[in-house]
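Comments concern the structure below.
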Amino acid sequence: LGPIDPALLARAKPQSLTVLDRNGEVLYESLGASGTRGQSVSAHQLPPRVVEATLLAEDRRFFHHPGLDPIAISRAMLHNLRAMRVVEGGSTITQQVAKLLLQSTNRGLRQKSREAVLALRLEHRFTKPEILALYLNLAPYGNRIDGIARASRAYFGCAPEQLTPAQAAFLASLPQGPSAFNPLRNPERARARQLQILAGMNLSDDERKHARAE
């Protein structure tokens, strides 16, 4: 499928300067080159709860497709036809990584074809956990925040591995609509989406009850 431009992959490691005091408290955080704040996580650092919530929110068949998912595309087309408008997309997480790497703004057929080709190249070069890490490093979480590492600290003051199921579900909902689910502007909609993701997570009855109440 050919090589991937190294400059594209460099975008998957968002970094912004963070100044801490002697006790580790954040004093100042700059914006990165993209105008957002971000930190990177690697494939072996991905917390299971974050992975589970993200796949439920974005791509339930992620580990079973080659980068493009004909089932998801067909389902989305059917739902859109029934609604007579676009109500669902059929993009996989790998396609979303391609879109974020290409910094796509044009949603024309030619651009979508480029994204599809890059998605197949990504699947050929990287493992599934590595692709998921790329997504979690690039994904927008609203309020000028990119990546799960920075988002977990910005919204909850902890590292991704310390997120509760409720917090993981909340963050997983944001990349799909950072503005629509912005908790600072629309907390009710953000809460509804969080509960929708929580409903699909593998939790005990007590864990689910606690998560819903959190």
Side-chain angles (χ1 to χ4, degrees), residues 9-59 62-63 93-94 96-97 100-101 126-178 181-184 187 190-191 193-204 206-214:
L9 296 178
R11 295 173 183 169
K13 296 182 179 180
Q15 296 292 341
S16 53
L17 178 65
T18 302
V19 179
L20 308 177
D21 67 11
R22 68 179 66 185
N23 299 313
E25 296 294 326
V26 176
L27 297 176
Y28 171 76
E29 293 178 88
S30 68
L31 293 178
S34 63
T36 60
R37 297 179 174 91
Q39 297 173 346
S40 295
V41 295
S42 61
H44 69 273
Q45 293 176 311
L46 301 179
R49 289 299 191 202
V50 171
V51 171
E52 180 185 14
T54 299
L55 296 186
L56 282 169
E58 300 288 348
D59 188 356
F62 176 68
F63 284 101
I93 280 179
T94 314
Q96 292 180 58
V97 170
L100 291 165
L101 288 174
F126 297 105
T127 65
K128 287 289 189 177
E130 288 171 338
I131 293 171
L132 187 54
L134 288 173
Y135 173 76
L136 288 169
N137 283 331
L138 288 164
Y141 288 86
N143 299 300
R144 293 191 173 185
I145 299 167
D146 285 346
I148 189 65
R150 181 65 189 83
S152 64
R153 294 191 182 279
Y155 288 109
F156 298 113
C158 67
E161 60 270 20
Q162 298 172 316
L163 291 170
T164 66
Q167 292 168 341
F170 169 81
L171 292 180
S173 73
L174 297 182
Q176 196 173 72
F181 299 119
N182 187 339
L184 304 183
R191 169 70 170 165
R193 179 60 174 154
Q194 175 203 38
L195 292 177
Q196 186 180 18
I197 296 172
L198 269 176
M201 294 181 70
N202 184 24
L203 303 172
S204 68
D206 286 344
E207 287 175 324
R208 195 178 309 279
K209 181 179 179 181
H210 178 79
R212 288 179 62 86
E214 185 176 331

#### Entry: Partner residues of Phe156 under the ring pair (Phe, Tyr, Trp, His ring centres under 6.0 Å) criterion, sequence neighbours left out
Phe170
#### Entry: Side-chain donor-acceptor pair present, Gln167, Ser152, cut-off under 3.5 Å
no
### Query
How many angstroms lie between atom CD of Glu214 and atom OG1 of Thr164, to the nearest 0.5 angstrom?
3.5 Å
### Beyond-backbone contact of Ile93 with Thr54, side-chain heavy atoms, under 4.5 angstrom
yes
### Taking every non-hydrogen atom, the tightest pair across Pro160 and Val50
O-CG2, 4.0 Å
### Task
Return the set of residues passing side-chain contact (heavy atoms from CB on, under 4.5 Å) with Val51 (not counting sequence neighbours), or none when no residue passes.
Leu46, Leu55, Leu132
### Query
Quick one: does Tyr141's side chain have a donor or acceptor within less than 3.5 Å of a partner on Ala172's backbone?
no
### Task
Not counting sequence neighbours, which residues clear salt bridge (charged side-chain N to carboxylate O under 4.0 Å, His left out) with Glu161? List them please.
none
### Task
Measure the spacing between CZ of Arg208 and CG of Asp206 and express it to the nearest 0.5 Å.
11.0 Å
### Task
Please report the shortest heavy-atom distance between Ala169 and Ile197, naming the atom on each side.
O-CD1, 3.5 Å
### Message
I'd like to check the ring pair (Phe, Tyr, Trp, His ring centres under 6.0 Å) partners of Tyr135; sequence neighbours left out, ordered by chain and number.
### Response
none
## Note on the structure
Asn202 meets the side chain to side chain donor-acceptor pair (under 3.5 Å) criterion, sequence neighbours left out, with none
### Query
When rounded to the nearest 0.5 angstrom, what distance separates CD in Gln162 from CZ in Arg153?
7.0 Å
### Task
First locate atom CD1 of Ile131, then atom CG of Asp59, and finally report the distance between them rounded to the nearest 0.5 Å.
10.5 Å
### Query
Excluding sequence neighbours, so at least two apart, what forms side-chain contact (heavy atoms from CB on, under 4.5 Å) with Ala43?
Pro129, Glu130, Ala133
### Task
Supply the atom-to-atom distance Leu138 CG to Ser40 OG, rounded to the nearest 0.5 angstrom.
8.5 Å
### Query
Among all residues two or more places apart in sequence or in another chain, which pass the side chain to side chain donor-acceptor pair (under 3.5 Å) test with Arg191?
Gln194
### Message
So does Ser173 get a backbone contact from the side chain of Gln176, meaning a donor-acceptor N/O pair under 3.5 Å?
### Response
no
### Query
Do you know the tightest heavy-atom contact between His44 and Ser42?
CE1-OG, 2.8 Å
### Message
Using side-chain contact (heavy atoms from CB on, under 4.5 Å), reason through Val41 and Asn137 one step at a time and then give a plain yes or no.
### Response
CA-CA 7 Å; Val41 295; Asn137 283 331; 3.3 Å; yes
### Partner set under side chain to side chain donor-acceptor pair (under 3.5 Å) for Thr94, not counting sequence neighbours
Glu123
### Task
Give the minimum heavy-atom separation between Ile145 and Ala154, together with the two atoms involved.
CD1-CB, 3.4 Å
### Summary
Contacts satisfying salt bridge (Lys or Arg N to Asp or Glu O under 4.0 Å) that involve residues 43-53 (not counting sequence neighbours) are Arg49-Glu52, Arg49-Glu207
#### Entry: With sequence neighbours excluded, residues passing salt bridge (charged side-chain N to carboxylate O under 4.0 Å, His left out) with Arg193
none
### Query
Considering all heavy atoms of both residues, which atom of Pro165 and which atom of Leu198 are nearest to each other, and what is their separation?
O-CD2, 3.8 Å
#### Entry: Closest approach of Tyr155 to Gly142 (non-hydrogen atoms, all atoms of both residues)
OH-O, 3.7 Å
### Message
Please enumerate all residues that pass salt bridge (charged side-chain N to carboxylate O under 4.0 Å, His left out) together with Lys209, with sequence neighbours excluded.
### Response
none
